[in-house]
Protein chains: 2
Amino acid sequence: MERDAPVRPVQQHRHNLALVARLAARLGPVSRARLAHESGLTKSTVTQLTGELLDGGLLREIGTGRSGGPGRPANQLVLNSLGPAGIGLQIEADHVAGCLLDLTGRVRDRALRKADDLTGDPQRAVKAAEPVLRRLLNTANSTDNVVVGVAVGLPARVRDATVVHADGLGWADTNFPWLLGDRLSALGAGGIPVTVANSHQLAARAEHWFGGDEAEVLVHVGGEDGLGAGIVIAGEVHAGARGAAGELGHVRIPGADDPCTCGQRGCLDTVAGRRALLRAAGLDEVVRSRLTGGDGELPALVGSGEAVAVAAVRRAATALGTVLGGLVPALDPDVLVLGGHLPALGSDFLDAVDLSLRQRCPGAAVRVRASRLPADVVARAAATTVTSALIEAPADWLAE
Amino acid sequence: MERDAPVRPVQQHRHNLALVARLAARLGPVSRARLAHESGLTKSTVTQLTGELLDGGLLREIGTGRSGGPGRPANQLVLNSLGPAGIGLQIEADHVAGCLLDLTGRVRDRALRKADDLTGDPQRAVKAAEPVLRRLLNTANSTDNVVVGVAVGLPARVRDATVVHADGLGWADTNFPWLLGDRLSALGAGGIPVTVANSHQLAARAEHWFGGDEAEVLVHVGGEDGLGAGIVIAGEVHAGARGAAGELGHVRIPGADDPCTCGQRGCLDTVAGRRALLRAAGLDEVVRSRLTGGDGELPALVGSGEAVAVAAVRRAATALGTVLGGLVPALDPDVLVLGGHLPALGSDFLDAVDLSLRQRCPGAAVRVRASRLPADVVARAAATTVTSALIEAPADWLAE
DNA sequence: TTCAATAGTCCAGTAGACGAACTAATTGCC
DNA sequence: GGCAATTAGTTCGTCTACTGGACTATTGAA
């Protein structure tokens, strides 16, 4: 409910619609009676509201389910897996991943497009996204899903739906939603709203939604090339005053002096970034070949005790732990999740980060753990922003 | 509006009441017509709502004011400076400060009680607060103000209205509101609700409210003895998962090794804390005499180029800047305010902190400035939490 | 078969915002 | 002075959407 807007009966209705939709999403198959009980609304109102949600295709009635005692059995309601759905894209310098998500949160389809180099002209990314979108739109068509939104996760600073600055992609002030919307029209899917979001922030959202921590404050650190953090506070991403919150990659590390893409020297990215780390461990050719699978070689080297690799990883862990150790006392998070390319570095790396972090701030009560989510979390989280927006504001959808 | 609660006409009314009260507070003397325009409510509704606020003593009608053109002149409404008011206390190891604030935000009275040592038994603080409270209650009585709440700012971690841990005071798991409420009853002011809050967080609130920055994200760093930060995001304090957000005093500084009260060595407090700094500058006797005014001697020494003092202050600035430089890229604040004893260290100190911060994170767009607020901001901010709670939820007050 | 229990619908009642019509008070023009 | 224009504020009937109790529906158990 907007704080500075008047509340009329309509807003009241909107709020209660959202409340019921949210509860239906949370409780899975659920009866109107239970919804009434959990929401605090009366049965009559819930009948009315669920009726609207059913008509709008957000809910579906599955026959009377259990019969665990006397009394009329309930007509169970669930989110409609056939109705509205969302597409999420993840764009990185070397690939575009995408997925189609229905309202229940199930991934209906995935798609991946590898590419040589998507940096420079944003149209390259649009072009690489096209086959991914085409496939997902086709799938949606065949599964009776209606795509109501496309959300894109990018390693970029985003402000007012515009990419203000993307280090790793070389973009600046790009209205990417507009570019992609154009391509969507060409695919016969014009008018679908496109949103963009920072991929670190989406990854943090993903950990909050799917990580199972029930955290009040969660910090996710990771990234494909550049390192970055996403901060979730009370279920909301903290984007910062300019959308730049979590940009840790260019914090200077004492003792480091390698040149960074940003023009400075000794940035965290030059010590703990994926490419920098592979290079420092003597895996230059892996970097050049751009093989994501090559990440596996580094933990293998470390496991076999290869001195250069061990030193590089230890150095990265110490630097990262120190930076995070400055963050933790400021934010007091429940959980600090290491994601992106970091979990692949092995549990020794995780332990070393933890150690270094606690050396910086001894009393910290934070739990540090590796992410357990798959590589395409960002695409999934992006798609989830579409579906959860529907559930959080069903009235907007019903109005159409 | 509670997210998980149903909205009925009553909640609708509560919301709109708060909306009108907030606007009246923001716009100063304001007509019903303007309130209707600004709020988006109709004139009829505003008449109804302001009527309730007038009856409840939250608003007051001052005669028809301006007559800048044709048309019936407006009956101006203002917050009632005579009705409900709040008391704010600030408790530190060596003093208790307090103030009485009316709804308009005007300080009706102040009181200060110096004390030798309030650490150890919380009852000492209660005892020192008694004369302060007595005076402020008397003042309220004579100015026709009704004290509706007492809010206390403490250098302590607070959780569920309980002091979980107070480093500088030596308290743990203390239900301070209960203790102080007891004393209030003895003063004939029983039943007044008492709340507690962390003083760093209150200081940040104060900068956000009174600092004039219009910041979306604001960080305040300061403290009397221990250093700490308060973070305000979108008008709300970020307290962290355990209420420990902003506890920067015990971040370890590379190269520092002095023992800290926390049992560790090399904490930020041992480098940039007030006492540590005075000691390092050779002003031991000032520390022992507990003279707050003694702070003036340090900038004087620095100004005169006294080598030890200059070195101590520079070291403190570097350490603090480095710690803050780790924070800024994570949070992306608009403004970083240095408060507490820090502004007294002079503008060279401020510049040195700024320099060190930007050395750590070169691209930061944050504005760094010294606090311009007086020493008793925390008491004022505490009192403001009482009065602003009234304005944010007038229905609760009107119900009584 | 009947009763208890639970699910769900129906409908009159009600709180509270809206809007049009009204009254009120002032300026400015004749 | 009188009257139109203009803005402030109130009154009252209307409308929306939630409530609560009466009602129907469907099951298990006695």
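Letters A, B, ... mirror the listed sequences (proteins, then strands); counts begin at 1.
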Original post:
In chain order, what residues pass the salt bridge (Lys or Arg N to Asp or Glu O under 4.0 Å) check against B/Arg108, with sequence neighbours excluded?
Top reply: B/Asp102

Subject >> Set of salt bridge (Lys or Arg N to Asp or Glu O under 4.0 Å) partners for A/Arg32, sequence neighbours left out >> reply: A/Glu61

With [X], which residues qualify under side-chain hydrogen bond (donor to acceptor under 3.5 Å, both in side chains), at least two apart?
X: A/Glu207; value: A/Arg369, A/Ser371
X: A/Glu38; value: A/Arg34
X: A/Glu52; value: A/His13, A/Gln48
X: A/Asn145; value: A/Thr143

Original post:
Which pairs, with at least one residue in residues 13-23 of chain A and sequence neighbours excluded, count as a salt bridge (charged side-chain N to carboxylate O under 4.0 Å, His left out)?
Top reply: A/Arg14-A/Asp396, A/Arg22-A/Glu392, A/Arg22-B/Asp4

Subject >> Pairs meeting criterion salt bridge (charged side-chain N to carboxylate O under 4.0 Å, His left out) with involvement of residues 142-153 of chain A, two or more places apart >> reply: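 Checked against salt bridge (charged side-chain N to carboxylate O under 4.0 Å, His left out) - neighbours excluded - no pair reaches residues 142-153 of chain A.
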
Find the distance [X]:[atom1] to [N]:[atom2] and express it as a whole number of Å.
X: B/Glu61; N: D/dA8; atom1: CD; atom2: C1'; value: 11 Å
X: A/Arg34; N: C/dG8; atom1: CZ; atom2: C1'; value: 17 Å
X: B/Arg32; N: D/dT11; atom1: CZ; atom2: P; value: 11 Å

What are the atom names and distances for every N/O pair under 3.5 Å that joins the protein to nucleotides 1-3 of chain D?
none

**OP:** List the atom of B/Val335, the atom of B/Ala215, and the distance in Å for their closest heavy-atom pair.
**Re:**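 That would be CG2-CB, 3.8 Å.
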
Original post:
Can you list the steps and then say if A/Asp334 with B/Arg242 is a side chain to side chain contact (heavy atoms under 4.5 Å, CB included)?
Top reply: CA-CA 8 Å; A/Asp334 297 283; B/Arg242 296 163 207 81; 4.3 Å; yes

Original post:
Hey, does A/Leu77 have a side-chain heavy atom less than 4.5 Å from the side chain of A/Leu54?
Top reply: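 A side-chain contact exists here, since the closest heavy-atom pair is under 4.5 Å.
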
Original post:
Between residues 7-24 of chain A and DNA chain D, which residues have a heavy-atom gap below 4.0 Å?
Top reply: A/Pro9, A/Val10, A/Gln12, A/His13, A/Asn16

Original post:
For the side chain of A/His15 and the backbone of B/Ala5, is there at least one donor-acceptor N/O pair under 3.5 Å apart?
Top reply: yes

Original post:
Can you check side chain to side chain contact (heavy atoms under 4.5 Å, CB included) on B/Thr387 and B/Leu79, steps first, answer last?
Top reply: CA-CA 11 Å; B/Thr387 55; B/Leu79 287 176; over 6 Å; no

Original post:
For C/dT27, does OP1 or OP2 lie under 4.0 Å from any side-chain N or O of B/Arg72?
Top reply: no

**OP:** Mind listing the residues from residues 45-53 of chain B sitting with a heavy atom below 4.0 Å of DNA chain C? Number order is fine.
**Re:**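 The stretch gives B/Thr45 as the residues lying under 4.0 Å from the strand, ordered by number.
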
Shorter than 3.5 Å, N or O on both sides, protein versus nucleotides 20-22 of chain C: list them out with atom names.
none

**OP:** Would you indicate which nucleotide in D/dC18, D/dA8, D/dT26 comes nearest to any side-chain atom of A/Leu41?
**Re:** D/dC18

